[in-house]
Amino acid sequence: MKVYGLANCDTTKAAIKMLKVSRQDYFFHDFKISGVTPKQAESWLKKIPAEKLLNKKSTTWRGLSNEEQQTAITNEGIVVLLVKYNSLIKRPLIEWKDGSITVGFDEASIKMKISS
């Protein structure tokens, strides 16, 4: 499985801790170091709704101009924003071995995925 996030993000750290405690094998992809490709963002948007992937409560979102925020009305615009400002992606984003994706830290959901 792959865990996407930021190394200093508390919710990413909490998810990784849960995976370690349950002895799950995972690969960590740090957005700040490795970025996000358009292909990755497009594949996520095919599996999860944009409003779940895009963190509009973030300081990064609030710092965007109105014009930039308006580009988020289309998936193409969202992809551009996520690639340019990867901190707009809700964290952690976990790609599970079964191909499913979870976004954001939800302890119950993560426990359920680990046990399945």
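Computed from a prediction, not measured in an experiment: that's the story for all the values here.
- Here CD of Gln40 is found 9.0 Å from OG of Ser34. Values are rounded to the nearest 0.5 Å.
- Judged by distance alone, the side chain of Arg62 and the main-chain N or O of Lys57 form a donor-acceptor pair under 3.5 Å.
- Between atom CG of residue Leu45 and atom CD of residue Glu76 there is a gap of 9.5 Å, rounded to the nearest 0.5 Å.
- Both Tyr85 and Leu82 belong to a common hydrophobic cluster when Ile, Leu, Val, Met, Phe, Trp and Tyr are linked at side-chain heavy-atom distances under 4.5 angstrom.
- In this structure, Trp44 is a member of the same hydrophobic cluster as Leu6, with clusters built from ILVMFWY side-chain heavy atoms closer than 4.5 Å.
- Looking only at side-chain heavy atoms (C-beta outward), Val80 and Thr71 stay at 4.5 Å or farther from each other.
- With sequence neighbours left out, the side-chain contact (heavy atoms from CB on, under 4.5 Å) criterion links Gln69 to Trp61, Leu64, Asn66.
- A 4.5 Å side-chain heavy-atom check between Leu53 and Leu93 finds at least one atom pair inside the cut-off.
- Judged by distance alone, with hydrogens and angles left aside, the side-chain atoms of His29 form a donor-acceptor pair with the main-chain N or O of Gly35 at under 3.5 Å.
- Expressed to the nearest 0.5 Å, how far NZ of Lys20 lies from NZ of Lys13 amounts to 11.0 Å.
- Ser65 meets the side-chain contact (heavy atoms from CB on, under 4.5 Å) test with Glu67, Glu68; sequence neighbours excluded.
- Residues that satisfy the side-chain contact (heavy atoms from CB on, under 4.5 Å) test with Ser22, not counting sequence neighbours, are Gln24, Ile114.
- Separation of atoms CG (Leu81) and OG1 (Thr74) is listed at 9.0 Å; rounding is to 0.5 Å.
- Listed here is the closest heavy atom pair of Phe28 and Ala7: CZ-N, 3.8 Å.
- The salt bridge (Lys or Arg N to Asp or Glu O under 4.0 Å) contacts involving residues 47-56 comprise nothing, where partners must be two or more places apart or lie in separate chains.
- Checked against side-chain contact (heavy atoms from CB on, under 4.5 Å), Asn86 has the following partners two or more places apart in sequence or in another chain: Phe31, Lys32, Val36, Ile89.
- Val103 and Ile94 fall into different hydrophobic clusters, defined by Ile, Leu, Val, Met, Phe, Trp and Tyr side-chain heavy atoms under 4.5 Å apart, directly or through other members.
- Tyr26 and Tyr4 sit in two unconnected hydrophobic clusters of ILVMFWY residues. Membership requires side-chain heavy atoms under 4.5 Å apart, directly or through other members.
- Separating the NZ atom in Lys2 from the CZ atom in Phe27 is a distance of 6.0 Å, to the nearest 0.5 Å.
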Quick one: side chains of residues 106-113, donor-acceptor pairs under 3.5 Å with protein atoms, not counting sequence neighbours, listed by atom name and distance.
| unit_1 | atom_1 | unit_2 | atom_2 | d |
| --- | --- | --- | --- | --- |
| Asp106 | OD1 | Ala108 | N | 3.2 |
| Asp106 | OD1 | Ser109 | N | 3.4 |
| Asp106 | OD2 | Ser109 | OG | 3.0 |
| Glu107 | OE2 | Lys111 | NZ | 3.2 |
| Lys113 | NZ | Asp98 | OD1 | 3.4 |
| Lys113 | NZ | Asp98 | OD2 | 2.7 |
| Lys113 | NZ | Ser100 | OG | 2.7 |

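- Side-chain N or O atoms of Ser58 include none that pairs as donor or acceptor with a backbone N or O of Leu88 at under 3.5 Å.
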